[in-house]
Amino acid sequence: MSCKVIVNSVFDIRNLVFWLGLCLSLMCPPLFAADVASASRPRVGLALSGGGARGAAHVGVLRVLEELRIPIDYIAGTSMGSIVGGLYASGMRPDAIEQALETMDWAHIFSDDPPRQERSFRRKRDDDLYLIKAKPGIADDGTLKFPTGAIQGQKFDLALRELTLPVTDVDDFDNLRIPFRAVASDLSNGQAVVLRTGDLATAMRASMAVPGAFAAAEIDGKLLVDGGITNNIPIDVVRDMGADIVIAVDISSPYLPAEQVNNLFKITAQLTSILTRSNADRQIATLTDRDVLIVPALGDISSGDFERATDAIPLGAEAAESKRQQLSGLSLSKGGYRAYQASLNPAPDSARPIVHFVRIENDSTVDDAMIRDRLRQRIGEPLDRARLEQDIGNIYGLELFQSVRYDVIEENGQSGLLVSAVARKWGPNYLQLGVQLSGNEEGDSFYNFGFGYLRTGINPLNGEIRTSLQLGREPKASVEWYQPLDPLSRYFIDTEMAYGRRVISLFDGHDDRRLADFNVNEGLIDLAMGREFGVYGEGRLGYRYYTGDVELRTGTVDGESEFDFDTAELFTSIYFDRLDNVNFPQTGWVGRVEYSTAQEELGSDGEFDQLSSYAAKFVPFDNGHILGLGGFLDSTLSGDAAIQDRFTLGGFLTLSGFANDQLSGEQAMAVTALYYRRFDPLPYFQWYLGGSLEYGGVWDEKDDIGSDGIVAGSLYLGADTPIGPVYLGLGKAEGGHDAIFFYLGRSLVR
């Protein structure tokens with residue numbers, strides 16, 4: 001072959017390669033450009049630090065990075081940095097993340113309890129007790145068990161689940177739109193744990209599990225807590241992912257000056273800063289001249305100021321802008337940035353998935369049907385997230401589970417709903433304690449100390465046993481068995497046996513002198529069956545039998561001063577409760593009515609019919625003002641009620657100038673209008689200042705009800721504390737009745 005032929009052949013091959021390359025570039029421009037872009041520029045990693053609410057500043061930084069067209073190839077985040085970084089890596093834009101932070105109900109998201117209106121009606125009735133709501137568990141050996149955090153993170157988990165729903169099927173974080181890592185800490189050995197696979201929402205939740213505040217997250221057999229303890233600015237993590245240049249954003253809290261570390265809370269905050277600041281400084285020391293460190297000036301925005309979180313966003317943008325000259329060296333041309341964006345993993349599909357099946361994972365003793373039957377999601381229809389979250393709130397409101405979560409899963413080409421319910425690690429045996437105190441200026445005092453044991457989930461339909469012991473002015477011991485009859489707990493039986501003593505006082509009807517005090521010693525058997533109306537209320541039909549004796553304690557009376565009694569009655573009742581808080585309601589209403597008839601053929605000494613009713617409604621107004629109106633009517637409709645069956649009246653909000661239960665009669669009525677407002681002049685608790693105007697009395701005849709009643713009122717200071725509501729105030733009633741009162745453990749609602 002001649003040289004000319006060889007040269008022409010080579011030329012033809014070169015032309016062929018050229019035209020083939022040109023065609024490929026025209027057919028696949030994004031891929032071709034991406035390859036060129038990735039080969040011609042350094043890889044950029046973004047390290048976002050933890051810092052609680054201050055972490056919203058990361059959103060402002062991301063916004064500036066996008067404006068400067070800076071490509072981000074890897075993201076690693078710790079704590080709040082993992083939240084913002086994970087959401088951005090999943091495909092959310094800065095504006096969407098800002099909107100999510102702005103619309104989150106921070107006042108409730110860091111509380112496990114569902115809205116009280118959505119709690120099961122059975123659990124609402126726990127509020128009738130003065131026992132402290134916190135219930136430590138009891139182990140088989142008698143030792144106490146406690147949750148691993150004050151907050152289990154139920155609502156926070158659901159919020160993260162909502163935001164990450166489009167990527168719920170991604171279990172390798174390299175397959176997110178931008179490869180991502182979340183940093184947590186292993187509670188068993190204090191080592192950093194880099195999360196790169198699994199469920200994104202769970203990983204972010206683990207990274208932000210502040211020890212003591214949030215319960216530890218269990219992943220792959222490890223108990224994980226906030227990553228800020230071990231690596232608050234994960235610079236080394238993004239380097240290990242492949243970053244050539246690191247943009248690090250430090251929003252961690254600075255040290256407090258020594259003169260400000262002057263109480264327990266500030267000491268705790270300082271210790272936290274020491275832990276996070278020291279490892280952050282070690283990471284920052286590894287930065288080179290090519291890297292960029294951004295430190296927003298966040299002023300007095302603390303890690304817990306989530307209500308001010310969005311205020312940090314413009315401060316983050318301002319800090320990034322101050323680094324514009326250094327950052328501009330990483331900027332791409334418009335075409336290069338489009339090529340970078342095209343090279344990222346596809347954006348997730350935000351359409352609601354169709355639910356073809358529902359699967360339950362449940363490690364508790366109750367039947368799966370108790371979970372499944374409370375889910376209203378329709379098969380074959382798009383996921384109704386709002387309804388699902390409400391249903392999950394109702395399931396969590398059973399107080400059987402440590403967490404109730406959902407995932408959208410794929411099986412055999414179909415999407416389905418997986419609901420996972422994890423039993424409480426500190427249950428199902430619980431101990432409760434309580435105290436009830438009251439007193440007035442006349443020297444009358446009242447106190448009870450309560451001890452309760454609750455065992456839930458004794459069978460697949462969630463039967464429970466409660467035993468209690470009360471010591472004090474009115475000692476009492478009781479045991480109750482409550483048994484639902486279907487998975488939705490619509491039908492139930494409730495039985496109780498009790499024995500105790502209570503005190504009934506008689507006063508002169510003219511000058512209100514105390515005539516006598518009686519001890520009523522009585523045993524009780526209560527058998528009832530009923531129907532719950534969802535979370536709204538219940539109706540009951542039952543039989544009650546009292547037996548005991550009445551003995552004169554102090555004073556003198558005409559007639560018998562000591563006698564035995566037996567009271568056997570049938571009763572029916574209906575009860576509705578839509579209050580948002582039983583101690584200091586902000587909104588809602590409550591109402592109940594009970595009719596009972598005592599008959600000799602049932603085993604009763606005498607025959608009488610009684611009606612007891614109560615209702616109240618609370619309405620909020622601007623700036624935290626609350627108005628409430630409530631009243632009750634108790635009436636002996638026929639027959640004569642002996643002293644142990646009479647109605648009592650007197651005390652805070654029921655003729656406040658009188659002592660507790662100072663008045664008694666066969667008829668009793670009171671109407672109360674009250675006002676209160678929350679204010680925060682004192683730390684730690686929710687404080688309220690309020691007053692009431694009341695009208696009522698007791699009578700022996702039905703026809704006299706409401707006539708010649710007594711006007712009374714009160715002014716009080718109240719607080720909602722962990723051990724129950726506290727009230728301190730002044731009561732005044734017609735006839736010169738004044739009382740300075742103090743109550744611990746009773747609520748505004750009768």
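Computed from a predicted model, the values in this text were never measured in an experiment.
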For this session: Apply the side chain to side chain donor-acceptor pair (under 3.5 Å) test between S656 and each candidate in H737, E694, K732; give the one that qualifies.
Result: E694
For this session: Compute the ring centroids of Y716 and F652, then answer whether they are less than 6.0 Å apart.
Result: yes
Problem set entry | Heavy-atom closest contact (K135 atom, E399 atom, distance) | NZ-OE1, 3.0 Å
Problem set entry | Residue pair R578, V535: steps toward the side-chain contact (heavy atoms from CB on, under 4.5 Å) verdict | CA-CA 9 Å; R578 299 298 293 161; V535 298; 3.7 Å; yes
Exercise. Counting distance only, does the side-chain N/O of D526 pair as donor-acceptor with the main-chain N or O of E496 below 3.5 Å?
Worked result: no
For this session: Starting at CD1 of I138, measure out to NZ of K145 and round the result to the nearest 0.5 Å.
Result: 9.5 Å
For this session: Work out which heavy atom in L655 is nearest to a heavy atom in A712; give both atom names and the distance.
Result: CA-CB, 3.8 Å
Problem set entry | Residue pair I504, R646: steps toward the side-chain contact (heavy atoms from CB on, under 4.5 Å) verdict | CA-CA 9 Å; I504 294 181; R646 292 162 66 96; 6.0 Å; no
Exercise. If we only count heavy atoms from C-beta on, is the I574 to F576 side-chain gap below 4.5 Å?
Worked result: yes
Exercise. Can you name the closest pair of heavy atoms from P725 and N583 and give their distance?
Worked result: CG-OD1, 3.5 Å
Exercise. Is R116 reaching over with its side chain to a backbone N or O of L579, donor-acceptor style, under 3.5 angstrom?
Worked result: yes
For this session: Please lay out, stage by stage, how V698 and S664 fare under the test side-chain contact (heavy atoms from CB on, under 4.5 Å).
Result: CA-CA 6 Å; V698 295; S664 65; 5.9 Å; no
Exercise. Is the number of heavy atoms from other residues, nucleotides or ligands under 6.0 Å of W589 CH2 greater than 12?
Worked result: yes
For this session: Decide salt bridge (Lys or Arg N to Asp or Glu O under 4.0 Å) for E522 and R502; before the verdict, give the C-alpha distance in whole Å, the side-chain angles of both, and the deciding distance to 0.1 Å.
Result: CA-CA 8 Å; E522 60 188 357; R502 54 194 175 96; 2.7 Å; yes
Problem set entry | Heavy-atom donor-acceptor pair, W699 side chain to M669 backbone, under 3.5 Å | no
Exercise. Residues in ring pair (Phe, Tyr, Trp, His ring centres under 6.0 Å) with F647, at least two apart?
Worked result: none
Problem set entry | Flag, side chain of T567 to backbone of Y546, donor-acceptor distance under 3.5 Å | no
Exercise. Can a cation-pi geometry be assigned to R125 and Y575, taking NZ or CZ under 6.0 Å from the six-membered ring centre and within 45° of the ring axis?
Worked result: yes
Exercise. If you count the non-hydrogen atoms of other residues, nucleotides and ligands that lie under 6.0 Å from CG in D105, is the total more than 12?
Worked result: yes
Problem set entry | Side-chain donor-acceptor pair present, R501, N521, cut-off under 3.5 Å | no
For this session: Calculate, to the nearest 0.5 Å, the distance between atoms CD and OG1 belonging to E480 and T467 respectively.
Result: 10.5 Å
Exercise. Counting distance only, does the side-chain N/O of D605 pair as donor-acceptor with the main-chain N or O of D566 below 3.5 Å?
Worked result: yes
For this session: Would you check if the side chain of S120 reaches a backbone N or O of R123 as a donor-acceptor pair within less than 3.5 Å?
Result: yes
Problem set entry | For the student: nearest non-hydrogen atoms of Q470 and E474, plus distance | NE2-O, 2.5 Å
Problem set entry | More than 12 heavy atoms of other groups within 6.0 Å of E701 CD | no
Problem set entry | Distance-only donor-acceptor check, side chains E464 and T456, under 3.5 Å | no
Exercise. Of the options T636, T597, D634, which is the one that meets Q610 in a side chain to side chain donor-acceptor pair (under 3.5 Å)?
Worked result: T636
Exercise. If you take all heavy atoms of P147 and Q152, which pair is closest and at what distance?
Worked result: CB-NE2, 3.2 Å
For this session: Drop me the distance from L541's CG to L527's CG, to the nearest 0.5 angstrom.
Result: 11.0 Å
For this session: Count the heavy atoms belonging to other residues, nucleotides or ligands that lie under 6.0 Å from OH of Y536, then report whether that count exceeds 12.
Result: no
Seminar exercise, completed: Between the OH atom in Y688 and the CG atom in L717, the distance rounded to the nearest 0.5 Å is 12.0 Å
Exercise. With a 6.0 Å cut-off on ring centres, are F741 and Y727 close enough?
Worked result: no
Exercise. Backbone N or O of A528 within a donor-acceptor pair of the R540 side chain at under 3.5 Å?
Worked result: no
Problem set entry | Gap separating the CZ atom of F449 from the CG atom of L433, nearest 0.5 angstrom | 11.0 Å
For this session: Begin from the C-alpha positions of S604 and Q599 and carry the test side chain to side chain donor-acceptor pair (under 3.5 Å) through to its verdict.
Result: CA-CA 6 Å; S604 185; Q599 300 294 325; over 6 Å; no
Exercise. So with a 6.0 Å cut-off around CE of M529, is the heavy-atom count from everything else above 12?
Worked result: no
Exercise. Given the rule in the side-chain contact (heavy atoms from CB on, under 4.5 Å) test, do Y595 and L637 qualify, once you have shown the distances and angles that lead to the verdict?
Worked result: CA-CA 10 Å; Y595 168 78; L637 302 176; 3.9 Å; yes
For this session: Say whether, by atom type as modelled, one donor and one acceptor occur between the side chain of Q586 and the main chain of F584 under 3.5 angstrom.
Result: yes
Exercise. Which heavy atom of P585 sits nearest a heavy atom of I626, and at what distance?
Worked result: O-CG2, 3.5 Å
Exercise. Going through the distances and angles, do D300 and R308 end up as a salt bridge (Lys or Arg N to Asp or Glu O under 4.0 Å)?
Worked result: CA-CA 10 Å; D300 63 348; R308 299 179 58 196; 3.1 Å; yes
Exercise. Please walk me through it: do D126 and R466 pass salt bridge (Lys or Arg N to Asp or Glu O under 4.0 Å)?
Worked result: CA-CA 11 Å; D126 290 346; R466 185 193 298 274; 2.6 Å; yes
Exercise. Any sub-3.5 Å donor-acceptor pair from D580's side-chain atoms to T587's backbone N or O?
Worked result: yes
Seminar exercise, completed: When rounded to the nearest 0.5 Å, the distance separating CD1 of I465 from CD1 of I458 is 4.0 Å
Problem set entry | Check: Y695 side chain, G706 main-chain N or O, donor-acceptor pair, under 3.5 Å | yes
